[in-house]
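Position 1 is the first residue of the sequence, and the numbers go up from there.
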Amino acid sequence: KVYSELPEDITNAFIKDFEKNHKGKLKIEIVKTVEKQGPARINELKELDFDVWLGGTAEDYFLADNKKMLKSYEAKDLRNIPTGLRDKHGTWTGLLTTNLVFLSNKKALAEVDAKKPEVWSDLLNGELFKKIIISEPSMRQGGYRILTTYWQLYGEKKFEEYTKNLKAQELTYAANDEAAVAAVSKGEKIMTVVPLDIAMSAAVNNKNLLISIPTDGTSRKLTGVAIMSSTKKEAISRAFIDYLISDKAKKVLDNSDYYVWPLSDNKETYTWGKSYADIFLVHDDLRWCVLSGDEIIEKFKSADKQQKSF
């Protein structure tokens, strides 16, 4: 049984190809997704009966590992996955990556005579006052990654100054990244900050949307796979992970409409979007991002007590 947080089409494509490689001798069941989002869903997942968790982020797996939910497995072939982009204990295996980006509405920008944001300080421009929407930081999605990215780029002192000025923009908070993107797509807000895969999925269907990369640096979103400690089918679960990091799975990914890259430091292997990848990336301390989350969010909230929800 597989619990997947990847898009349905790529999940089905991976599973169909894996089953075909086993000549119909096995059948994988996809488990229905839980209702809660963000860190709160981890406890719900603990109560579900499934063997493999596909499509969680590195941060998700750190949280789950702290609750003893995962079973370690060092996949057979990790030569293409940099050591810094996988768990050294094998509790999860990195598969895919994408970067944090700015997503803007071109028409809304023109209405206030604003240029597309290109660096983090552009979010402080007066034209964007009350025009920025981000996901609620407690959801640990794009809205949270803004905070960890800026902190790691510039340090705690500049983070505190920046977030104070950012909060003065009277941000709007969305329930999740998808809701933030929807508001920008409709022109209700000018911009948001989300991972590239979510931004691209919206932009290919809306020519009014504009993606830009923070040229002073951004961070990765790592997506992976892990075996649950409660599994009763460890052998086939390991085989599925071995498949997911194989060239066969990469071909399935390349033929999909899922806007992510295989986990590699060699950008020449990317079949799309190299210009989006050619940017300075912070050296993400993933454990810090997870374990210090409450402290980071509290510092952000204390910068300004005014909040607007969307």
| query | Do I134 and Y144 pass the side chain to side chain contact (heavy atoms under 4.5 Å, CB included) test, and can you show the C-alpha distance, the side-chain angles, and the key distance before you say yes or no? | reply | CA-CA 9 Å; I134 62 173; Y144 176 65; over 6 Å; no

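- Hydrophobic clustering keeps L109 apart from V119 (ILVMFWY residues linked when any side-chain heavy atoms are closer than 4.5 Å, directly or through intermediates).
- Between K157 and E161, none of the side-chain N atoms (NZ, or NE/NH1/NH2) sits under 4.0 Å from a carboxylate O, so this pair counts as no salt bridge.
- Residues L100 and P195 share a closest heavy-atom pair of CD1-N, 3.9 Å.
- Expressed to the nearest 0.5 Å, how far NZ of K221 lies from OG1 of T97 amounts to 9.5 Å.
- Two residues are said to be in side-chain contact when any heavy atoms from C-beta on lie closer than 4.5 Å; I190 and V184 fail this criterion.
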| request: Show the numbers, then the answer: is there a side chain to side chain contact (heavy atoms under 4.5 Å, CB included) between V2 and L54? | output: CA-CA 7 Å; V2 172; L54 174 62; 4.1 Å; yes

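- Here the closest non-hydrogen pair linking D177 and G143 is OD1-N, 4.1 Å.
- Across S212 and V101, no two heavy atoms sit closer than the pair O-CB, 3.6 Å.
- For the residue pair T172 / K189, a side-chain donor-acceptor distance below 3.5 Å is found, with atom types taken as modelled.
- With respect to the salt-bridge test (charged N to carboxylate O, under 4.0 angstrom), the residues E127 and K115 do not qualify.
- In terms of heavy atoms, A64 sits closest to W53 at CB-CZ3, 3.6 Å.
- One finds the OH atom of Y61 at 9.0 Å from the OG1 atom of T93 (value rounded to the nearest 0.5 Å).
- No side-chain donor from either of Y258 and D9 sits under 3.5 Å from a side-chain acceptor of the other.
- If you take OG1 on T218 and CZ on R220, they are separated by 11.0 Å, rounding to the nearest 0.5 Å.
- In this structure the side chain of L210 never reaches within 4.5 angstrom of the side chain of N105, judged on heavy atoms.
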| field | Candidate pair M228 and M69, rule side chain to side chain contact (heavy atoms under 4.5 Å, CB included), full reasoning | value | CA-CA 6 Å; M228 306 307 290; M69 292 170 57; 3.8 Å; yes

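- L166 and V112 fall within the same hydrophobic cluster, defined by Ile, Leu, Val, Met, Phe, Trp and Tyr side-chain heavy atoms under 4.5 Å apart, directly or through other members.
- Between T148 and C289, the shortest heavy-atom distance links the atoms CB-SG, 3.8 Å.
- Side chains of L124 and N165 form a contact here, defined as non-hydrogen atoms less than 4.5 Å apart.
- Aromatic ring centres of F159 and Y154: separated by at least 6.0 Å.
- Ring centroids of W120 and Y162 are separated by 6.0 Å or more, keeping the two rings apart.
- A donor-acceptor contact shorter than 3.5 Å is absent between the side chain of N206 and the backbone of A202.
- Minimum heavy-atom separation, F102 to E118: CE1-C, 3.9 Å.
- I132 and F129 fall into different hydrophobic clusters, where Ile, Leu, Val, Met, Phe, Trp and Tyr residues are linked whenever their side-chain heavy atoms come under 4.5 Å apart, directly or through other members.
- Here the CG atom belonging to N208 is positioned 10.5 Å from the OG atom belonging to S104, to the nearest 0.5 angstrom.
- At a threshold of 4.5 Å between non-hydrogen side-chain atoms, the residues K68 and S229 do not count as touching.
- Counting only N and O atoms by type, the side chains of Y3 and D49 include no donor and acceptor under 3.5 Å apart.
- More than 12 heavy atoms of other residues, nucleotides or ligands lie within 6.0 Å of NZ in K274, so this atom counts as buried by the packing criterion.
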| request: Would you check, one step at a time, whether the test side chain to side chain contact (heavy atoms under 4.5 Å, CB included) holds for N99 with Y276? | output: CA-CA 8 Å; N99 295 338; Y276 295 118; 5.6 Å; no

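- Electrostatic pairing of E5 and R41 counts as a salt bridge here, judged by a charged N lying under 4.0 Å from a carboxylate O.
- In the hydrophobic clustering of this structure, V52 groups with L26; members are Ile, Leu, Val, Met, Phe, Trp, Tyr whose side-chain heavy atoms approach within less than 4.5 Å, directly or through other members.
- Under a 4.0 Å N-O distance rule, the pair R140/D60 does not qualify as a salt bridge.
- In this structure, CD on E35 lies 10.5 Å from CD on Q37, to the nearest 0.5 angstrom.
- The shortest distance between side-chain heavy atoms of D216 and F280 does not fall below 4.5 Å.
- Taking the side chain as every heavy atom from C-beta outward, K1 and I28 never approach each other to under 4.5 Å.
- Taking the side chain to side chain donor-acceptor pair (under 3.5 Å) definition, one finds that D17 meets it with Y243, sequence neighbours left out.
- Between the side chains of Q141 and N176, not a single donor N or O lies within less than 3.5 Å of an accepting N or O.
- Atom OG1 of T231 and atom CZ of R238 lie 10.0 Å apart (nearest 0.5 Å).
- Side-chain atoms of H89 and D65, non-hydrogen and from C-beta on, never get closer than 4.5 Å to each other.
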| message | For W261 and W272: C-alpha separation, side-chain torsions, deciding distance, then whether ring-ring contact (aromatic ring centres under 6.0 Å, His included) applies. | response | CA-CA 8 Å; W261 302 300; W272 73 278; 5.4 Å; yes

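- Q152 has its side chain out of reach of H283: every pair of non-hydrogen atoms, C-beta onward, lies at least 4.5 Å apart.
- Taking a cutoff of 4.0 Å between a charged side-chain nitrogen and a carboxylate oxygen, K250 and D254 qualify as a salt bridge.
- Ion pair R145/D284 flagged as a salt bridge, since at least one NZ, NE, NH1 or NH2 atom sits closer than 4.0 Å to an Asp/Glu carboxylate oxygen.
- Under the 4.5 Å side-chain heavy-atom criterion for Ile, Leu, Val, Met, Phe, Trp and Tyr, M139 and L103 are members of distinct hydrophobic clusters.
- Geometric assessment of K167 against the ring of F300 yields a positive cation-pi assignment under the 6.0 Å and 45° thresholds.
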